[in-house]
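Just so it is clear, the values below take in all heavy atoms, side chains as well, and ignore hydrogens, waters and symmetry mates.
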Amino acid sequence: METCAQKSIRHCLDMIAPFERANQQEEDGQWQFYQLMVSLYRNMYQNPEEYMVFSKPYEAYAQKMNQQETQQKKEKAHVRDARESTLRNTFQQAIQFYALYFYNLGLRSQGIDGKTGALTIRKEDYSDVLQQMNRIHESRYNAGRYEVLSKLGIQVHQNGELVHVVHTAYRQAMEGLVYLCKAPESKYKLMNFLRLDYKNAYAPVPTISDICNTLPDKSVEAVKKLEENLCGMKVKAKIKPLRGIVSDFKWKVDYTYKGKNICGFYADNESFMLCIHFNHFQNINEFAKLLYEEDHDLFLWFQKQFPERLCKCPNNRRVCFGEEYRRICGLSNRAEIVNPDEGDVDRALYVLRKYRNMD
């Protein structure tokens with residue numbers, strides 16, 4: 001059975017961009033670093049503990065919580081479990097350690113040694129990188145993680161005031177690493193690195209098609225339908241940058257019209273949620289009343305798309321669906337269509353067009 005750690009590692013692989021070279025002169029280095037990272041994740045998936053990724057404490061705690069049957073209550077109460085979050089972050093930070101180590105090396109590097117292909121970095125900068133990596137949970141295992149990298153072929157040598165980092169087999173891999181890390185600063189820079197997205201590294205605005213490359217066909221069809229329905233409107237797609245690519249991170253896309261979010265989606269390889277924004281809870285009340293009077297079948301579908309939140313936060317709001325009152329999150333004020341089938345997508349888009357007078 002797949003462990004929580006393996007699921008997160010597989011998610012990293014699913015989120016990596018298809019290899020597309022960005023500079024023909026440095027193609028070998030880009031391909032070699034791409035291969036290095038993909039093989040690292042694949043090997044990690046086979047035996048996470050060899051990579052100092054330990055998810056058993058998290059799994060034991062999650063099992064305990066499931067046995068206490070708190071999941072449904074937690075969802076409705078919108079309560080964050082600090083212990084669950086810490087344990088999850090612990091093993092997920094261990095997964096991301098290797099990519100972030102390379103990323104920080106690349107950011108501080110002085111370039112590539114032309115003779116050896118080694119990444120060069122000042123001694124004091126290398127020490128700062130090691131200190132930065134010590135800030136993660138369970139950093140006591142970092143020595144073991146560097147030993148893992150050594151066994152994989154990463155060699156670190158000091159030469160005076162410089163440190164040289166090179167791979168014994170992928171001699172040009174550091175070129176591919178530095179290419180990504182020397183890209184212009186942008187909010188997508190880390191995301192492009194984690195996804196090994198050479199195509200977008202120096203033109204750092206990803207496209208919806210880039211997202212679709214990581215999604216299953218069913219989700220891609222839903223996105224295409226959404227885009228077709230928005231075609232011709234002055235709508236902008238806003239893609240939220242990923243801060244990581246383990247299993248907690250999903251693509252988030254918002255479509256804005258006249259400065260307001262009107263719809264969007266959250267997606268990864270295993271899940272898809274289409275959202276319709278109403279911007280204020282009173283708008284939900286009014287539109288629900290309209291559907292109740294005009295199309296009762298659509299109304300029944302509509303009311304199921306608003307998850308109940310029983311938290312006592314000041315943003316909790318009471319909305320009316322026909323004769324039923326329900327508490328929702330007043331910060332989102334949105335319908336959430338989770339893992340929709342074709343019929344759900346069609347209904348959602350009909351609701352969107354009707355509410356926004358898009359016809």
Side-chain angles (χ1 to χ4, degrees), residues 9 12 16 19 21-53 93-183 185 189-190 192-198 201-202:
I9 297 164
C12 292
I16 289 176
F19 180 75
R21 69 185 184 194
N23 183 314
Q24 189 169 1
Q25 185 177 356
E26 300 178 13
E27 180 182 4
D28 288 344
Q30 293 170 24
W31 175 241
Q32 287 185 19
F33 186 68
Y34 188 95
Q35 287 288 88
L36 170 62
M37 293 305 300
V38 169
S39 63
L40 185 151
Y41 285 126
R42 286 175 177 168
N43 292 336
M44 188 192 298
Y45 181 87
Q46 295 301 320
N47 199 334
E49 294 193 355
E50 281 189 9
Y51 286 74
M52 310 295 149
V53 177
Q93 285 181 4
I95 294 170
Q96 297 184 100
F97 172 90
Y98 301 93
L100 292 179
Y101 169 70
F102 285 129
Y103 183 65
N104 287 312
L105 282 180
L107 291 181
R108 293 172 175 264
S109 75
Q110 300 296 301
I112 299 295
D113 184 291
K115 294 182 180 179
T116 65
L119 176 150
T120 61
I121 181 173
R122 294 188 304 173
K123 178 182 175 181
E124 58 266 35
D125 287 337
Y126 186 72
S127 295
D128 287 344
V129 170
L130 298 184
Q131 285 295 322
Q132 190 167 356
M133 302 313 298
N134 282 336
R135 296 172 189 164
I136 70 169
H137 291 299
E138 294 189 335
S139 60
R140 65 184 182 275
Y141 294 116
N142 281 4
R145 294 178 179 122
Y146 295 126
E147 182 62 26
V148 168
L149 288 172
S150 177
K151 290 179 180 178
L152 291 176
I154 295 295
Q155 294 183 336
V156 180
H157 303 290
Q158 184 175 335
N159 183 7
E161 293 302 307
L162 291 177
V163 173
H164 297 264
V165 183
V166 70
H167 193 281
T168 54
Y170 298 111
R171 303 297 293 187
Q172 295 175 264
M174 296 301 108
E175 291 179 4
L177 164 61
V178 170
Y179 183 88
L180 289 172
C181 292
K182 295 305 181 183
E185 290 299 324
K189 182 171 180 175
L190 174 60
N192 290 335
F193 177 85
L194 295 173
R195 299 188 63 238
L196 305 172
D197 191 353
Y198 286 97
Y202 284 71

What are the two closest non-hydrogen atoms of C12 and I95, and how far apart are they? SG-CG2, 4.0 Å
Candidates Y51, Y141, Y146 - the one meeting side-chain contact (heavy atoms from CB on, under 4.5 Å) with F97: Y146
Taking side chain as C-beta onward, heavy atoms only, is K123 less than 4.5 Å from D128? no
Would you sort out whether N142 and I136 count as a side-chain contact (heavy atoms from CB on, under 4.5 Å), showing the intermediate values? CA-CA 9 Å; N142 281 4; I136 70 169; 3.9 Å; yes
Close side-chain approach of Q155 and V165, heavy atoms under 4.5 Å: no
Does a side-chain N-to-carboxylate-O contact under 4.0 Å join R21 and E27? yes
Y202-Y179 aromatic ring centre distance below 6.0 Å: yes
So do the side chains of V148 and E50 get within less than 4.5 Å of each other, counting heavy atoms only? no
Taking the side chain as every heavy atom from C-beta outward, state whether L180 and R195 have any atom pair closer than 4.5 Å. no
Side chains of S109 and M174, heavy atoms from C-beta outward: is any pair under 4.5 Å? no
Look at the aromatic rings of Y103 and F193 and report parallel, tilted or perpendicular, splitting at 30° and 60°. tilted
Validation row: I121, Q110 side chains within 4.5 angstrom (heavy atoms): no
Indicate yes or no for a side-chain donor-acceptor contact from E175 to the backbone of Q30 under 3.5 Å, with no hydrogens or angles considered. no
Which atom pair, heavy atoms only, marks the closest approach of P48 to Y45? CD-O, 3.7 Å
Parallel, tilted or perpendicular for F102 and F33, by the 30°/60° rule? perpendicular
Is any side-chain heavy atom of Y101 closer than 4.5 Å to a side-chain heavy atom of L149? yes
For the residue pair A183 and A201, what are the closest heavy atoms and their distance? CB-O, 3.2 Å
Ring geometry between W31 and Y34 (parallel below 30°, tilted from 30 to 60°, perpendicular above 60°): parallel
Any salt bridge linking E138 with R140? Criterion: basic side-chain nitrogen under 4.0 Å from a carboxylate oxygen. yes
Are the side chains of H164 and L119 in touch, meaning some heavy atoms are under 4.5 Å apart? no
Can you name the closest pair of heavy atoms from L196 and M37 and give their distance? CD1-CB, 3.7 Å
